[in-house]
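Have a look at the structure below, then the notes.
Scope of the values below: all heavy atoms of this structure, side chains included, with no hydrogens, waters or symmetry mates. For ligands, and for the atoms within them, numbers begin at 1 and follow the listed sequence.
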Amino acid sequence: MSKDSIHHIPTSELKPFREQFTKPITLFGPCSAESEHQVLETALLIAAKFPNNIFRAGVWKPRTRPGSFEGAGDPALQWLIAAGKETGMPVITEVATTQHVEACLKAGIDMLWIGARTTVNPFAVQEIADALRGSGVPVFVKNPINPDLSLWMGAIERLHKAGTDQVFAIHRGFHSFETDVYRYAPRWEIVIDLKTKMPDLKVICDASHISGDPALIPGVAQKALDLDLDGLMIEAHINPAVALSDAKQQITPAVLHTLFEGLVFRKADADDKDFHRKLLELRSRVDSTDDLLLQALITRMNLIRQIGDFKKDKQLTILQIRRWEEILNRQLEHGIGSGLDGVFVKKLYELIHEESIRIQTDLFRNA
Ligand code: PEP
Ligand code: MN
């Protein structure tokens with residue numbers, strides 16, 4: 001695209017900065033800044049559809065092994081600044097060291113994100129937090145590679161304590177040894193836990209890194225919206241096939257637009273009174289059912305204690321595989337027959353069984 005054909009967005013149409021934080025917050029842009037042309041062209045195509053977007057591009061790339069493209073480095077900061085000026089979008093990049101922070105502050109990068117490989121290291125996070133002191137630059141903190149919620153919250157707290165008042169979280173999935181369709185297991189329960197523990201924190205879902213495959217991005221993005229997350233990060237590249245990093249998961253700005261149009265934005269609260277009453281009624285029935293569930297577990301564990309005493313007297317082993325198989329199969333049959341998901345029933349019973357064994361082991365130990 002020649003400079004002449006660039007679509008200029010008049011300054012009067014530019015949105016005030018804070019509008020970038022109204023829901024859904026979007027952080028769209030390429031995985032990496034590869035050239036001035038690639039950055040600007042991608043930015044223009046994205047800004048044309050998403051004028052409130054925060055434009056992302058990695059300048060220093062944290063590669064698992066050396067030798068692959070490690071980012072264009074410092075010169076790329078100017079490409080981002082130029083793209084930001086041209087389109088009105090604030091720009092964001094990843095920082096992992098104090099030198100990165102200093103270079104970004106000097107260049108005038110609007111916002112920063114901390115990558116998954118940095119969040120795991122409290123020393124690195126503290127240094128970044130200290131380097132940002134007094135800058136007022138908003139920071140997005142990706143979850144650590146490993147599913148450790150405290151580490152994620154710790155990084156957010158370090159930034160807050162060092163005076164960064166605008167801190168956001170980015171859910172990008174977790175490394176897992178189990179094979180999964182996802183590149184990084186979403187483990188949604190961890191995000192729900194984070195929202196419960198930090199209700200005022202805005203959480204963005206990085207659907208690209210969770211998915212690792214364009215075909216999975218819409219489902220992940222929709223799930224994030226249905227969980228009432230505050231926004232999406234999606235990687236878009238003018239020509240994904242030749243991208244220097246994450247080529248397999250990037251999509252074109254046009255595909256991004258279609259994908260976004262296909263998402264359903266549901267409301268967290270209903271304004272319709274009848275609906276609200278019905279919802280309250282159903283929720284109170286859920287609460288009563290939860291009480292029954294917990295009572296059933298209390299009863300079960302009391303029985304387990306009685307059996308434990310009995311086994312101890314008769315010198316029987318705690319684990320009796322045949323009995324466990326019988327329990328699991330019976331509940332699987334019942335559960336699946338009544339419409340429950342088999343994987344869910346299995347997980348639930350494994351958890352209950354594990355706790356039962358723990359209770360009996362304690363009993364044996366305190367003989
Ligand atoms: C990225 O956003 O391109 C990136 C490297 O992310 P993460 O830290 O989640 O791997
Ligand atoms: Mn990437």
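Judged by distance alone, the side chain of D213 and the main-chain N or O of A215 form a donor-acceptor pair under 3.5 Å.
With respect to K267 and D272, no salt bridge is recorded, no charged nitrogen being found less than 4.0 Å from a carboxylate O. Look at R277 and D274 and you find a salt bridge, because one of the NZ, NE, NH1 or NH2 atoms lies within 4.0 Å of a carboxylate O, short of that distance. For the pair R187 and D180, the salt-bridge criterion is not met [side-chain N within less than 4.0 Å of a carboxylate O]. Contact check on E235 versus R56 returns a salt bridge, with a Lys/Arg side-chain nitrogen under 4.0 Å from an Asp/Glu carboxylate oxygen. The pair K278-E281 meets the salt-bridge criterion, since a charged nitrogen lies less than 4.0 angstrom from a carboxylate oxygen.
Ring geometry, F260 versus F50: the interplanar angle exceeds 60°, so the pair is classed perpendicular (tilted spans 30 to 60°). The aromatic rings of F140 and F21 are tilted relative to each other, their planes meeting at an angle between 30° and 60°.
Of all non-hydrogen atoms in C205 and I210, the two that sit nearest each other are SG-CD1, 3.9 Å.
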Could you list, one pair per line, each nitrogen or oxygen of ligand 1 together with any protein nitrogen or oxygen closer than 3.5 Å, giving atom names and the distance rounded to 0.1 Å?
| unit_1 | atom_1 | unit_2 | atom_2 | d |
| --- | --- | --- | --- | --- |
| ligand 1 | 2 (O) | R56 | NH1 | 2.7 |
| ligand 1 | 2 (O) | R56 | NH2 | 3.4 |
| ligand 1 | 2 (O) | K142 | NZ | 2.8 |
| ligand 1 | 3 (O) | R56 | NH2 | 3.0 |
| ligand 1 | 3 (O) | K61 | NZ | 2.9 |
| ligand 1 | 3 (O) | H209 | NE2 | 3.3 |
| ligand 1 | 3 (O) | E235 | OE2 | 3.2 |
| ligand 1 | 6 (O) | K142 | NZ | 2.9 |
| ligand 1 | 8 (O) | A116 | N | 2.8 |
| ligand 1 | 9 (O) | K142 | NZ | 2.9 |
| ligand 1 | 9 (O) | R172 | NE | 2.6 |
| ligand 1 | 9 (O) | R172 | NH2 | 3.4 |
| ligand 1 | 10 (O) | R117 | NH1 | 2.8 |
| ligand 1 | 10 (O) | R172 | NH2 | 2.7 |

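Only protein N, O or S atoms were considered, and those under 2.8 Å from the Mn ion (ligand 2) are C31 SG, H209 NE2, E235 OE2, D246 OD2.
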